[in-house]
Protein chains: 2
Amino acid sequence: MSLQPVPRGSAVDAVLEQMHEQVASGAWAVGDRIPGEHELSAVLRVSRPAIREAIRALSHVGVLEVRRGDGTYVRSAADPRPLLRRMERASLRDVFEVQLAYDVQAAKLAATRRTPDDLRRLEALLRDRDAAEDPAAFGEADSRFHLGVAETARNPLLTEAFRFFRHRLRESLSALREDRDLPEGGPAPHHAVLEAIAERDADAAGSAAARVVEPTLRALEEVL
Amino acid sequence: MSLQPVPRGSAVDAVLEQMHEQVASGAWAVGDRIPGEHELSAVLRVSRPAIREAIRALSHVGVLEVRRGDGTYVRSAADPRPLLRRMERASLRDVFEVQLAYDVQAAKLAATRRTPDDLRRLEALLRDRDAAEDPAAFGEADSRFHLGVAETARNPLLTEAFRFFRHRLRESLSALREDRDLPEGGPAPHHAVLEAIAERDADAAGSAAARVVEPTLRALEEVL
DNA sequence: GGGCGGTAGATGTCTGACATCTGGCAGGTA
DNA sequence: TACCTGCCAGATGTCAGACATCTACCGCCC
């Protein structure tokens, strides 16, 4: 007989898994009140703290909503966990392709909605980017400029999504140290983005934003 | 003296807030091991279960990583919580603009990478969409087609992001019952997307995908 | 009929203890 | 010297029970 690893995993994770299953399958529909903590504790044969930790984790991501003195309700069936896990092990190409989508849309909207103040702010950010010396400062300034464009799009949801993705992705990139010698198209493409935004030309801004990322993307394709 | 509301909020939320602060400020840097649960419990003057619930919530979203027998480490400084909260109260316009970014990028990539099998699958999905009778079935078939395009893009990160956003956004839309009489461009734009994908024309696919959403978007702008 | 107050049941929190795993160190062995 | 074994401190994992506090509901009283 062959040796097999003993089943591992914590009680809380098991509870988490089962709750997720209930929500995903529709057994617990959005809006429903789920069984109480004592009842779940009795049914699943785990202690109440274990139940509470699972509920806390799911309520933190908006799947559940706890109303003190009342009960716990299902708020959404979509758990961001698969997305978060995927983000940690995504390939560089996949990462850049998603970032590209955000950059293009942000640039297009920014071109439509920018104010004179926005323009001055973006110009300053771009100057900082051009002036950056060491790679760390450059990466920081680069992020600030891109985020500035996203904010100019006047779409809080887009801004927040952009911010989160960019933050996570820069982390995993620097962790892998794989951003060492990716080609950088130089300052020209970025200036083209700003110019198109200044002229309120949405299509040009979108194209310019695409051209910022595309050299890097193409280089990645060649490596594969 | 004026009456003031007593400070509300749970102990766990307060702990969560402080931990988030530590991570965001860099006091706890990525890779660091944070103080043990007993120590945190003593310092913050709350019980260990309260500490554990907060840690569990943050580890569920990938901010912390717990290694049993060893300690708890900071894994990422980016908390998806602001994004999730923003998603719940985003305006319809903002929602559609983000969705548009995904749709366009997915269509462009799908046009580049589609196989004959993909094409057959997408054709079947589009037929289902055309054949749907009641609004519920139509919404379902519509989602399936769009998700099918996203999967054809061969980018797991994009697919997962697309899936999550679409799921959440459809939920909040149906909750608000505001999708009642949004204009639907009819089947033509969707067929144009499929056609461009069939011809491997990325730019045409992107434009066609934009034209799917734009009528709805424009109608929203008018309402505002 | 409307406002009041009681009550059942839910979540919030704490205490203390024990179980189990991990990492590192000391000591033995080749 | 180099390596492996076994032990141990400290960390997280789990449990039990109790009490506090809030909410929704319902019956009572004015």
Side-chain angles (χ1 to χ4, degrees), chain A residues 3-20 22-23 28-76 81, chain B residues 3-20 22-23 28-76 81:
Chain A
L3 293 176
Q4 291 193 347
V6 292
R8 301 181 54 85
S10 71
V12 176
D13 286 337
V15 173
L16 217 38
E17 182 62 31
Q18 289 209 44
M19 286 185 169
H20 176 75
Q22 293 292 310
V23 173
W28 293 349
V30 174
D32 282 1
R33 190 172 81 167
I34 72 173
E37 298 177 356
H38 285 98
E39 185 178 344
L40 287 173
S41 171
V43 172
L44 299 178
R45 305 293 187 87
V46 295
S47 68
R48 225 187 115 202
I51 301 286
R52 284 185 59 80
E53 283 186 30
I55 289 177
R56 176 69 65 171
L58 289 178
S59 80
H60 187 69
V61 294
V63 171
L64 298 180
E65 179 187 3
V66 179
R67 301 184 202 161
R68 179 173 181 178
D70 182 1
T72 303
Y73 294 78
V74 179
R75 189 177 185 71
S76 165
R81 178 109 198 208
Chain B
L3 294 176
Q4 291 194 347
V6 290
R8 300 182 52 85
S10 70
V12 176
D13 286 335
V15 173
L16 256 167
E17 183 62 31
Q18 290 210 42
M19 286 186 169
H20 176 74
Q22 293 292 309
V23 173
W28 293 349
V30 174
D32 282 1
R33 190 172 84 167
I34 73 173
E37 297 177 356
H38 284 99
E39 186 177 346
L40 288 172
S41 170
V43 172
L44 299 179
R45 305 294 186 86
V46 295
S47 68
R48 225 186 114 206
I51 301 286
R52 284 186 58 80
E53 283 186 30
I55 289 177
R56 176 68 67 172
L58 289 177
S59 80
H60 187 69
V61 295
V63 172
L64 298 180
E65 178 186 4
V66 179
R67 301 184 202 161
R68 177 172 183 178
D70 182 0
T72 302
Y73 295 79
V74 179
R75 189 180 186 73
S76 165
R81 177 117 196 197

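Within every chain, numbering begins at 1; the chains are lettered A, B, ... in the order of the sequence lines, protein sequences first and strands thereafter.
Taking CG of A/Leu16 as the reference point, atom CD1 of A/Ile51 lies at 10.5 Å (rounded to 0.5 Å). The CE atom of B/Met19 sits 9.0 Å away from the CD atom of B/Gln22 when rounded to the nearest 0.5 Å.
For the pair A/Ala11 and B/Gly69, both in contact range of DNA chain D, the more 5′-proximal nearest nucleotide belongs to B/Gly69.
Put simply, CD on B/Glu53 is 12 Å from P on C/dT11, counting in whole angstrom units. Rounded to whole Å, atom C1' of C/dG12 lies 17 Å from atom CZ of A/Arg67. Remark: P of C/dG12 and CG of A/Leu64 are 12 Å apart, rounded to the nearest angstrom. If you measure from atom CG of A/Leu44 to atom C1' of D/dA16, you get 17 Å, rounded to the nearest angstrom. Between A/Glu65 atom CD and C/dT11 atom P the separation is 13 Å, expressed in whole Å. B/Arg52 has its CZ atom 17 Å from the C1' atom of C/dG12, to the nearest Å. Protein atom CZ of A/Arg33 is 10 Å distant from nucleotide atom P of D/dA24, rounded to whole Å. We find that OH of B/Tyr73 is positioned 15 Å from P of D/dG10, with the value rounded to whole Å.
Picking from D/dG13, D/dA16, D/dT21 the nucleotide with the shortest atom distance to the side chain of A/Arg68 gives D/dT21. The side chain of B/His38 lies closest to D/dT12, out of D/dT12, D/dT14, C/dT13. Here the nucleotide nearest the side chain of B/Asp70, chosen from C/dG23, C/dT15, C/dG12, is C/dG23. Nearest nucleotide to the side chain of A/Ser47, out of D/dG13, D/dA16, C/dT13: D/dA16. Checked against C/dT13, D/dT14, C/dC14, the side chain of B/Ser10 finds its nearest nucleotide in C/dT13. With D/dT12, C/dT11, D/dT14 as the choices, the nucleotide that has an atom nearest any side-chain atom of B/Arg56 turns out to be D/dT14.
Between the side chain of A/Arg48 and the base of C/dG12 there is at least one donor-acceptor pair of N/O atoms closer than 3.5 Å.
Side chains of B/Asp13 and A/Arg56 form a contact here, defined as non-hydrogen atoms less than 4.5 Å apart.
B/Ile34 approaches B/Leu40 most closely through the heavy-atom pair CD1-CD1, 4.3 Å.
For the pairing with B/Pro35, the side chain to side chain contact (heavy atoms under 4.5 Å, CB included) check across B/Glu37, B/His38, B/Arg33, B/Glu39 returns one residue only, B/Glu39.
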